[in-house]
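The residues of the chain are indexed from 1 along the displayed sequence. Remember, it's 1-based here, ligands and their atoms both numbered in the order they're listed.
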Amino acid sequence: MKGLIFDIRHYAVHDGPGIRTTVFLKGCPLACRWCHNPESRGTSSEPIVTKRRIGDKVFDENEMVGVRMTPLEVIMEAEKSRLFFDESGGGITFSGGEPLMQSGFLYETLKLCREREMHSAVDTCGLASSDNIQKIAELTDLFLFDIKLMDDQKHIKYTGVSNQVILNNLHLLASMGKKIWLRMPVIPGINDTPDDIRKLMNLLIELYPKVKNLNLLPYHAAAKSKYDRLGLDSSDYVFNQPTPEVMESLKLKLSQTGYAVKIGG
Ligand code: SF4
C-alpha cells in the first residue's frame with residue numbers, strides 16, 4: 001500500500017509538542033477560501049509551474065506535486081529525526097490536505113509509529129466517517145482538530161461543506177477521551193465577529209475540560225503565488241490579515257473559558 005504525499009518537513013515546531021516531522025498527505029474534502037496549501041487539495045499528482053531565471057532569460061519549470069510512498073518509507077524518513085523527537089518530546093504529525101482521506105494508508109503508518117513508540121499527531125479538518133475517525137483514533141496520540149466557523153451557513157459558504165459532521169466527530173473524539181488541541185484560523189470579519197466568537201465560546205465550554213487547548217492561527221496571504229503556479233483562480237483568496245492587537249484581544253477573550261490559548265501552531 002502506498003500513500004500520496006506532497007511534502008515532508010523535518011524540525012517542525014508548530015504541529016504538536018516538541019520537534020516533529022510533518023508528513024503532508026494529498027487530498028482534502030474542503031475548499032477553504034483561505035487555504036494556504038492549495039497544492040494539497042487534489043487527490044492525484046499535479047504539475048506546478050515555477051519561474052526560473054538564468055541570466056536575462058525567464059523560463060517555466062514544471063514540477064510534479066505528490067509522490068507515492070509506503071508506510072515504511074515514511075517512517076524511515078521520520079526516523080532521521082528520532083534524536084530530536086526523544087530530546088524534545090516530539091514525534092510525527094500527519095497533516096495535509098486531510099490525512100483521513102487516505103485512512104487505510106494512515107492507519108498502517110500509525111501502526112508502525114506505535115510499534116516504534118513514536119509519538120503521533122493527526123492534523124484534521126474533521127470531515128470523515130465516524131467509523132474512520134474511531135479507527136484512526138485507536139492509534140493516534142494527539143489530534144490537532146481544526147475549527148473554522150461555527151455558523152453552518154457561513155461554513156458552507158467559505159469551505160464548501162457543512163460543519164455538522166465535523167462537530168459530531170469532534171464530540172465523538174472528546175467522548176473517547178482522546179487528547180485534542182483545537183486550531184482555528186483567524187480571518188478578520190469572517191470568523192471573528194461577536195456572534196462567531198460567542199458560538200465558539202459555547203463550544204469550548206461544552207468540551208471543557210476534556211479539551212482545553214486552543215491554538216489561534218492568524219491568516220496570512222503568503223500563498224497567493226501558489227495559486228498562480230497551480231493555474232488556480234486566486235481572486236477569492238483575498239482576506240485581511242489580523243493585527244497582533246486583534247490576536248491578543250481574541251486570545252484574552254477566549255482564555256476566559258479556562259482554555260490554554262496560544263497564538264500560532
Ligand atoms: S481543510 Fe486545510 S487543506 Fe483543506 S481546503 Fe481547508 S485549509 Fe486547505
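Per-residue contacts place Arg41 under 4.0 angstrom from the following atoms of ligand 1 (heavy atoms of the residue considered): 5 (S). Heavy-atom contacts of Gly97 reach the following atoms of ligand 1: 3 (S) (cutoff under 4.0 Å). Residue contact check: Leu30 has heavy atoms under 4.0 Å from atoms 5 (S) of ligand 1.
Within the 4.0 Å heavy-atom cutoff, Asn37 does not count among the residues contacting ligand 1. Ligand 1 has no atom lying under 4.0 Å from any heavy atom of Glu98.
Distance check for Cys28 against atom 8 (Fe) of ligand 1: none of its N/O/S atoms falls below 2.8 Å.
Around NE2 of His171, the count of heavy atoms belonging to other residues, nucleotides or ligands within 6.0 Å exceeds 12.
Nearest protein heavy-atom neighbour of atom 6 (Fe) of ligand 1: Cys32 SG, 2.3 Å.
In summary, Glu39 and Lys26 do not engage in a salt bridge, as defined by a charged side-chain N under 4.0 Å from a carboxylate O. For the pair Asp15 and Arg9, the salt-bridge criterion is not met [side-chain N within less than 4.0 Å of a carboxylate O]. Under the 4.0 Å criterion applied to side-chain N and carboxylate O atoms, Asp141 and Lys179 are not assigned as salt-bridge partners.
Taking CG from Asn191 and CD1 from Ile147, the interatomic distance works out to 11.0 Å, rounded to the nearest 0.5 Å.
By the 6.0 Å and 45° rule, Lys135 stacks over the aromatic ring of Tyr107.
The nearest non-hydrogen atom to atom 8 (Fe) of ligand 1, considering only Gly126, Ser40, Ser95, Cys35, comes from Cys35.
In this model, no donor atom of one side chain and acceptor atom of the other lie less than 3.5 Å apart for Arg20 and His10.
Counting heavy atoms under 4.0 Å from ligand 1, residue Lys148 touches it through the side chain alone. Counting heavy atoms closer than 4.0 Å to ligand 1, residue His36 contributes nothing at all.
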